[in-house]
Engineer: 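Sharing a structure with you now.
The first residue in the sequence is number 1, and the count goes up from there. Atoms within each ligand, like the ligands themselves, are counted from 1 in listed order. Just so it is clear, the structure is predicted and the values come from calculations on it, not from any experiment.
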Amino acid sequence: MTDIAVSKSAKIFVAGHRGMVGSAILRRLKQGGYTNLLTRTHAELDLMNQQDVLAFMQQEKPQYVFMAAAKVGGIHANNTYRGEFIYNNLMIEANVIDSCYRAGVERAFFLGSSCIYPRDCPQPIREEYLLTGPLEHTNEPYAIAKIAGIKMCDAYNSQYGTRFVSLMPTNLYGPNDNYDLTTSHVLPALLRKTFEAMQSGADEVVVWGSGNPRREFMHVDDLADACVFMLEQNVEDQLYNVGSGSDVTIRELAELICRLLSFSGTLRFDSTKPDGTPRKLLDVSRLEKLGWKASISLEAGIANVTASFAHTPPWPE
Ligand code: GFB
């Protein structure tokens, strides 16, 4: 693929810049020398409000947009707030994608998630497996919303000649992650539970489910690197998986975290909690053919996150 010259002074809007993904994209753009970066907090711009989003985009006219704003969460949050996960995400993406078209944005990148693929599709998962089978129940509302966003990007590209690219990352972790034990994803949850067990002298850490499901994890800085790589490539405007290419069982993840945090207690598996999708390892060959590859290993990535804990863990005492 050919690199394209993206001016370092190009105006780039990062929607959702305070979240884990949005803040990583902002960091990586700054590292890449991009100086004209546009952001709005939720209080400054409610992406659920169509008129406000359109007025903002038509006034600011960014050349490029990263759509990293969404209502996200782990398996329990997805399965509990099913209505919010589909409504909020549909509204945010519909408003931002449509206003990118109406404001003449040159290229926009829509961020989704690997849960868009069928629960039991062949592994590793290729982009063409989308919509070939039933979804995992626990996160179906979120997945349907994200699939709608992908299809809206395709439809606008077809009807209006826009250049919208959909990027589907695997399970992410890293700076600015969510450590609330009821709404977070598994990796930050196990980091917090293990860290707090160490602090309290507890001799066990509770792990939800059987520990048998497999998950692929990628440090959010790798995703951000892929986003800026795609900005600078003249890619076809379609769907790309973004992953690390390897997965572990939840039990192996918990054991790795115990080892890295030097926790010598035991793991207790709580079978009253759902396992969710048995496995969702992404096939990342379409993106790798363009020349991008993830570079942060799970062990190095977890060490990077826990090093930031030092004496002040990133959750309220
Ligand atoms: O990361 P997680 O919440 O979401 O759960 P998914 C992954 C696996 O970890 C499940 C187990 O099998 C959980 O039962 N697990 C073990 C835990 N202990 C814990 C814990 O303390 N907290 C949590 N949260 N899980 C999400 C989707 O699915 O993947 C989202 O719901 C999104 O929409 C995200 O797509 C990437 O990986 O199952």
Engineer: What residues join L281 in its hydrophobic cluster, counting side-chain heavy atom gaps under 4.5 Å, either direct or through other members?
Structural biologist: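 For L281, no cluster forms, as it stays isolated from other hydrophobic side chains.
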Engineer: Please verify the inter-ring angle class for F66 with F109; under 30° counts as parallel, over 60° as perpendicular, anything in between as tilted.
Structural biologist: parallel
Engineer: Pairwise, report which nitrogen or oxygen atoms of ligand 1 are under 3.5 angstrom from protein nitrogen or oxygen atoms, and how far apart they are.
Structural biologist:
unit_1	atom_1	unit_2	atom_2	d
ligand 1	1 (O)	V186	N	2.9
ligand 1	3 (O)	I75	N	2.8
ligand 1	12 (O)	D275	O	2.5
ligand 1	14 (O)	P274	O	2.7
ligand 1	18 (N)	W208	N	2.9
ligand 1	21 (O)	K193	NZ	2.7
ligand 1	24 (N)	S184	O	2.9
ligand 1	28 (O)	K280	NZ	3.3
ligand 1	29 (O)	K280	NZ	2.9
ligand 1	31 (O)	N78	ND2	3.2
ligand 1	31 (O)	N139	ND2	3.3
ligand 1	33 (O)	N78	OD1	3.4
ligand 1	33 (O)	N78	ND2	3.2
ligand 1	35 (O)	S113	OG	2.6
ligand 1	37 (O)	N171	ND2	2.8
ligand 1	37 (O)	R215	NE	2.8
ligand 1	37 (O)	K280	NZ	3.3
ligand 1	38 (O)	R215	NH2	2.9

Engineer: Assign the ring pair Y160 / Y101 to parallel, tilted or perpendicular, where the plane angle (0 to 90°) is split at 30° and 60°.
Structural biologist: parallel
Engineer: Using the rule side chain to side chain contact (heavy atoms under 4.5 Å, CB included), only one of N171, L298, T170, N241 pairs with E216; which is it?
Structural biologist: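 Result for side chain to side chain contact (heavy atoms under 4.5 Å, CB included) with E216: T170.
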Engineer: Would you call E236 and R286 a salt bridge, using N to O less than 4.0 angstrom?
Structural biologist: no
Engineer: Quick check: closest heavy atoms across E255 and L267, and the distance to 0.1 Å?
Structural biologist: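 Scanning both residues, the minimum pair turns out to be CG-CD1, 3.8 Å.
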